[in-house]
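Everything below concerns the one structure shown next.
All of these numbers come straight from a predicted model, not from anything done at the bench. The sequence lines fix the lettering, A, B, ..., with proteins before strands; numbering per chain opens at 1. Any value given below was found using the heavy atoms of this structure, including those in side chains, with hydrogens, waters and symmetry copies removed.
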2 protein chains.
Amino acid sequence: MAETSEETLAERKRGSGVKLVYEMLRDEILTLTLPPGRPIDEVNLAERFGMSRTPIREALVRLAGEGLVETLPNRSAIVANIDFSKLHTFFDAITLMYRVTTRLAAQYHRPEDLEVIRAHQERYAQVVAAQDPLAMIAVNRDFHAAIAEAGRNPYFTSLTLRLLDEGRRILRLYYQSFNDRLPQEYSDEHNAIIAAIAARDIELCDRLARAHADQIVRQIRQFFGRDMRQDVPL
Amino acid sequence: MAETSEETLAERKRGSGVKLVYEMLRDEILTLTLPPGRPIDEVNLAERFGMSRTPIREALVRLAGEGLVETLPNRSAIVANIDFSKLHTFFDAITLMYRVTTRLAAQYHRPEDLEVIRAHQERYAQVVAAQDPLAMIAVNRDFHAAIAEAGRNPYFTSLTLRLLDEGRRILRLYYQSFNDRLPQEYSDEHNAIIAAIAARDIELCDRLARAHADQIVRQIRQFFGRDMRQDVPL
DNA sequence: TGCATTTTATTTGTCGACAAGAATCGAGGC
DNA sequence: GCCTCGATTCTTGTCGACAAATAAAATGCA
């Protein structure tokens, strides 16, 4: 077997091992490099990363806590499956979180938050222009994550991050099939959301976030199946 | 040192160790038996539970993933602190989750769900009558957790569970200071919520859940400090 | 040949041990 | 007397190994 880049990193700082394998595995799962259902062999990973099974297991436990891997007792852990029969619950949740975090961002953001958000959006426009689906998906996540952070509610932020990550896998499946144009309208909607946050217009943020979520949900549902989502006027 | 009950359980099934120590530690944290900030020594726990450090560490990693313990590199893990300066974000989140999960329960509950919810509420009334604060706090959590389960959205359920658990610590602090009567009005509100769910009246569920949350938040805030929470009309 | 059962092999769960880093304690200097 | 620096102790992070449990292969039987 050829030397992988991980093996060359012989000298690692104590405690950095788990973080490395955690982030690496996480990225490979979210980009579907590791497809859902793929078994995860501990010894295999151990020799791949050139370390013992102990830090590997710790990383797997953390990933299991986030729902990205499923562990069966005395059996191999597997990459978490995507339950398409429960997609509507995902749509419900991401729609509400888009609305809530964008509202909160309008209220609590500071100038430096806006700079971060705008930077992500600029990069988003770039990768859409470059027709790079993988980068587009990752940056879209960063954009909404930055908005959630600006809202300064760690509970909402953590759920939003989890949903955004799960969404990376779903979007990847979506764009893997459709290799057509990356939609420009999302970029426009992002800019409108930024303007609404900067203007601290809570109601406008709510409407834009909901419309943004609706747009994405509509596109995905007509690919994966009917829209099982219910309207949540609250 | 005297033999503890854990040590007497010499024969354990393979794989049950982590679950045992995870649930035990979790319960001790949520009941404030282990106060926030208390350092958690791995070898101490290892000999207390009569097992190696490996399963102890795995349990700690899981608890850290849920935010119940904080780990510092190369230093002792500690029971997660309660950030009182961010209590308002907790109130925001639990209020919204009460509303959303109760709404969803009204829509998606099945007859057997109602039985479970009613059973929890009966037990709630019992422990309130018995003036048992610890049991009241635990059963209150189970009651709202059952409602969230009946709503059948795993994303909302998981955030709700996390908030309910965090709430157990806050309520414990609250009732530890006030050793006065356990409020009867919560029990009445619970019954009203059950009736609204059974009637599948979504809007009524929303109003009742919000009022219920408001009631609790009001009581806690006048103890811990001013209500920093904002109104979220959505 | 097809199925049930035993045997082998693979993979996980747990253990004890060692080394790196941090906290504690003590000695020395100002 | 107080601060700084070094040695010691203590705790964590990682390792290699062993045993239990499952999966796979081989064997026996109809």
Discussion item. Please report whether the ring centroid of A:H120 lies less than 6.0 Å from that of A:H144.
Written reply: no
Item to complete: Side-chain contact test, heavy atoms from C-beta onward, threshold under 4.5 Å: evaluate it for A:Y98 versus A:I94 and give yes or no.
Response: yes
Discussion item. Walk along nucleotides 7-15 of chain C from 5' to 3' and tag each nucleotide B, S or - by protein heavy-atom contact under 4.0 Å, base first, then sugar-phosphate.
Written reply: ----SBBBB
Fill in: Any side-chain donor near an acceptor of the partner, A:E166 and B:Y155, under 3.5 Å
no
Item to complete: Would you kindly say whether B:T54 and A:R57 are connected by a side-chain donor-acceptor distance under 3.5 Å?
Response: no
Worksheet item: Do B:R62 and B:Y22 meet the cation-pi criteria used here (NZ or CZ under 6.0 Å from the six-membered ring centre, within 45° of the axis)?
Response: yes
